Amino acid sequence: MRPFTYERATSAQAATAKAAATPGARFIAGGTNLLDLMKLEIETPTHLIDVNGLGFDRIDATEDGGLRVGALVLNTDLAADKRVRKDYAVLSRALVAGASGQLRNKATTAGNLLQRTRCPYFYDPNMPCNKRKPGSGCGAIGGFARQLAVIGTSDACIATHPGDMPVALRALDATVETIRPDGTTRAIPIADFHRLPGDTPHNETVLEKGELITAVTLPKPKKGRHIYRKVRDRASYAFALVSVAAVIGKDGQGVVAIGGVAPKPWRLDTADAALPEGAKAAAQRLFEGARPQPDNAFKLTLAERTIASVIAEARGA
């Protein structure tokens with residue numbers, strides 16, 4: 001791990017201003033992803049700004065019947081919150097499906113949104129990776145790609161977003177709240193928060209330099225059965241081959257978001273509209289234009305079958 005300096009932020013405004021003015025500065029909260037990347041020298045920040053003291057650790061009701069989840073709310077606390085378990089069960093289930101109990105006790109809401117890919121080529125400094133070193137190439141294309149993306153990719157990157165929580169947030173139409181270094185705030189729909197790789201896969205979100213996540217807002221609860229189904233190589237502490245976050249009524253109407261298949265949580269309005277027709281119709285719309293690699297094409301069939309099982313569960317079959 002390379003040397004770095006450290007400070008504890010006293011206000012959100014001070015933290016963002018310092019991050020914007022300091023080359024190589026990064027925010028740190030739980031550190032469950034960042035510290036691992038620093039040990040491998042994949043991330044080499046020169047200065048860490050600890051935001052744990054900023055008070056963004058509350059879950060509050062909103063005036064329109066939703067919830068506002070602070071950026072520093074721990075994954076364990078969010079999953080266990082009675083309001084989340086009752087009205088946003090897909091989110092609670094997604095959180096419990098992620099990582100391990102020890103990591104959930106440290107990982108934060110904002111950190112979960114910002115975690116980086118687990119593509120093996122990204123984690124191996126000896127291999128080319130445009131996400132780690134722009135312009136170096138993508139070793140995964142034509143390499144071992146079983147875990148990687150089949151949709152939303154580019155000729156520069158086929159990595160997947162690794163999270164569970166963001167997939168549920170996509171199904172719930174959450175909004176990410178931030179503060180910029182100049183003190184202005186903005187609300188970013190979760191659908192727009194993560195970027196597709198294009199020619200710049202190292203730019204993973206729409207956050208600007210120094211911009212800090214302060215909260216995630218959940219709208220009024222969606223009606224229907226809340227289901228999170230994660231298919232993986234082992235029963236725990238493994239990233240999804242395919243995950244499905246869905247809120248579906250007995251009539252088949254609802255929404256579905258997919259994880260493990262794209263560089264961001266994947267959801268299309270056309271697929272939601274096709275859910276009453278069944279899993280095959282929804283999957284055809286979700287994966288139109290898919291570009292799988294030879295060893296991950298199975299994800300297309302796996303996703304369709306997982307959606308089918310979720311629809312059956314929602315209908316009480």
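Here the structure is a predicted model, which means the values were calculated and not measured.
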If hydrophobic residues (ILVMFWY) are linked whenever their side-chain heavy atoms come closer than 4.5 Å, directly or via other members, who joins Leu103 in its cluster?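 Reading the cluster by chain and number, Leu103 sits alongside Tyr237.
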
Side-chain heavy atoms under 4.5 Å apart, restricted to Ile/Leu/Val/Met/Phe/Trp/Tyr: what other residues fall into the cluster of Tyr123, or is it alone?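 Taking Ile, Leu, Val, Met, Phe, Trp and Tyr as members, Tyr123 shares its hydrophobic cluster with Leu37, Leu40, Ile42, Phe122.
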
Checking [X] now: which residues fulfil salt bridge (charged side-chain N to carboxylate O under 4.0 Å, His left out) with it, not counting sequence neighbours?
{"X": "Lys264", "result": "none"}
{"X": "Lys299", "result": "none"}
{"X": "Asp173", "result": "Arg170, Lys222, Arg267"}

Thinking salt bridges, do Arg83 and Asp81 make one under a 4.0 Å N-O criterion?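 Counted as a salt bridge, because a side-chain N and a carboxylate O are separated by less than 4.0 Å.
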
How long is the span from the CE atom in Met38 to the CD atom in Glu43, to the nearest 0.5 Å?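 That separation rounds to 8.5 Å.
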
For the CD1 atom of Ile258 and the CZ atom of Arg229, what is their distance to the nearest 0.5 Å?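 That separation rounds to 12.0 Å.
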
Name all pairs fulfilling the ring pair (Phe, Tyr, Trp, His ring centres under 6.0 Å) condition that reach into residues 75-108, sequence neighbours left out, sorted by first residue then second.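 Non-adjacent pairs meeting ring pair (Phe, Tyr, Trp, His ring centres under 6.0 Å): zero.
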
Ring pair (Phe, Tyr, Trp, His ring centres under 6.0 Å) pairs, two or more places apart, involving residues 1-53: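 Every pair satisfying ring pair (Phe, Tyr, Trp, His ring centres under 6.0 Å) with a residue in residues 1-53: there are none.
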
Does Thr175 have any side-chain hydrogen bond (donor to acceptor under 3.5 Å, both in side chains) partners at least two apart in sequence or in another chain, and if so, which?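 Testing Thr175 for side-chain hydrogen bond (donor to acceptor under 3.5 Å, both in side chains), a comparison that skips the adjacent residues, returns none.
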
Identify every side-chain donor-acceptor pair in residues 137-152 under 3.5 Å, counting partners at least two apart or on other chains, and give the distances.
from	atom 1	to	atom 2	distance (Å)
Arg146	NH1	Asp233	OD1	3.2
Arg146	NH1	Asp233	OD2	2.8
Arg146	NH2	Asp233	OD1	3.1
Gln147	NE2	Asp233	OD2	3.4

Is there any salt bridge (Lys or Arg N to Asp or Glu O under 4.0 Å) pair reaching into [range], and which pairs are they, with sequence neighbours excluded?
{"range": "residues 130-145", "answer": "Lys131-Glu204"}
{"range": "residues 153-163", "answer": "Asp155-Arg291"}
{"range": "residues 52-64", "answer": "Arg58-Asp60"}

